[in-house]
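Reading through the structure tokens given below for one structure.
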Protein chains: 2
Amino acid sequence: MTTDAEDEPPEDELWAIDMVLDQLADKWALRILCAYYPDMAPIRFNELKRRVGGISQKILSQQLRKLERSGLLERRVLPGRLLGVEYAITPLGHTLQEPISALYKWAEAHAGDVRAAQASFQADA
Amino acid sequence: MTTDAEDEPPEDELWAIDMVLDQLADKWALRILCAYYPDMAPIRFNELKRRVGGISQKILSQQLRKLERSGLLERRVLPGRLLGVEYAITPLGHTLQEPISALYKWAEAHAGDVRAAQASFQADA
DNA sequence: CGGTATCCAAAAAGATACTG
DNA sequence: CAGTATCTTTTTGGATACCG
């Protein structure tokens, strides 16, 4: 019998999800995307560096290239005499902002709870 | 006991959000929490290991302790004849399932888009 | 079954210097 | 301003082996 009561997701899609999670599951990717919250306006390289905080140029550059390759961000050279580059959220990246924002808002709302849990964990042990 | 002791020094309330993101922004935390999706039932250690896939006992153990300290998971020793432990989602962890699920669903829905973007990125250059 | 301890390899990140 | 190159340090992960 080929009919399962459970869902039968294609294996091809399964590792694709894994691949997508790989894009986001590192120290910086989520933070970089959170830097666009809530206005989602394009951000220039050094401003991004300032907004994220504690990230080196090298890592930021790497991450931006990764996010650009994934189609979440778009790199734009600013025209005119002003030497500059900005990174804008693509339409695809924009669809990700909802889940990201949800995560960010959760962090805002429950940061105290997490801290309290960590504090009481020591006391419990 | 201290194989890889990772301590988060208490910081300001402003940095609490950052601390929360630190809990989630690594290779495994999101995947482990995704393993509970969609039924959110408690999962035993080795079943969790199988569901996550590709994770070693050591890392899984580390991550579970971290998530337990953060109050997202609860470790329960199973009573009775069977030697076993299960990890259950706490009420706090349950509130996180919504953002996590949103992220997971996004990955499901847009995995193809990301792949296409990565493919066209080479061609574009 | 559900972990820990130890050792080791690999990957990520940081500092610094340099470039167009 | 916006990076790249190079080197070093730090962090992470995997492979056992072993324990309650």
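All chains are named by letter (A, B, ...) in the order of the sequence lines, taking the proteins before the strands, and each is independently numbered beginning at 1. Keep in mind the model is a prediction, meaning the values are calculated, not measured.
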Rounded distance (Å) that lies between atom P of C:dC1 and atom CG of B:Asn46: 5 Å
Between D:dG13 (P) and A:Lys27 (NZ): distance, integer Å: 13 Å
Close side-chain approach of B:Tyr36 and B:Ile43, heavy atoms under 4.5 Å: yes
Below 4.0 Å: OP1/OP2 of C:dT4 and any side-chain N or O of B:Ser61: yes
Comparing B:Ile59 and A:Tyr87 on DNA chain D - which has the more 5′ nearest nucleotide: A:Tyr87
Nearest-nucleotide comparison on DNA chain C, the residue closer to the 5′ end among B:Val85 and A:Asp26: B:Val85
Among A:Leu92, A:Leu67, A:Thr90, side-chain contact (heavy atoms from CB on, under 4.5 Å) partner for A:Glu74: A:Thr90
Atom pair distance, as rounded to whole Å: CD in A:Glu47 and P in D:dC1: 11 Å
Distance test, side-chain N/O of A:Arg44 to OP1/OP2 of D:dA2, below 4.0 Å: yes
side-chain contact (heavy atoms from CB on, under 4.5 Å) between A:Gln97 and B:Trp106, worked out: CA-CA 10 Å; A:Gln97 280 298 310; B:Trp106 185 91; over 6 Å; no
Side-chain donor/acceptor of B:Arg51 to backbone N/O of B:Ala35, under 3.5 Å: yes
Integer-rounded Å distance: C:dC1 P and B:Leu60 CG: 14 Å
Between C:dG14 (P) and A:Ile55 (CD1): distance, integer Å: 7 Å
Salt-bridge present (B:Glu86, B:Arg76; N to O < 4.0 Å): yes
Most 5' of A:Arg75 and B:Gly54 on DNA chain D, judged by nearest nucleotide: A:Arg75
Closest listed nucleotide, where the reference is the side chain of A:Gln57 and the choices are C:dG2, D:dG13, C:dA17: C:dA17
Atom-pair distance (CD on B:Gln62; P on D:dG14), nearest Å: 11 Å
Interatomic distance, B:Gln63 CD vs D:dT12 P [rounded to whole Å]: 9 Å
Per B:Leu83 side chain, nearest of listed nucleotides C:dC1, C:dA13, D:dG14: C:dC1
D:dG13 OP1/OP2 closer than 4.0 Å to side-chain N/O of B:Trp28: yes
Closest to the B:Arg65 side chain, choosing from C:dT4, C:dA13, D:dA2: C:dT4
Side-chain donor/acceptor of A:Lys58 to base of C:dG14, under 3.5 Å: yes
Between C:dA12 (P) and A:Ile32 (CD1): distance, integer Å: 14 Å
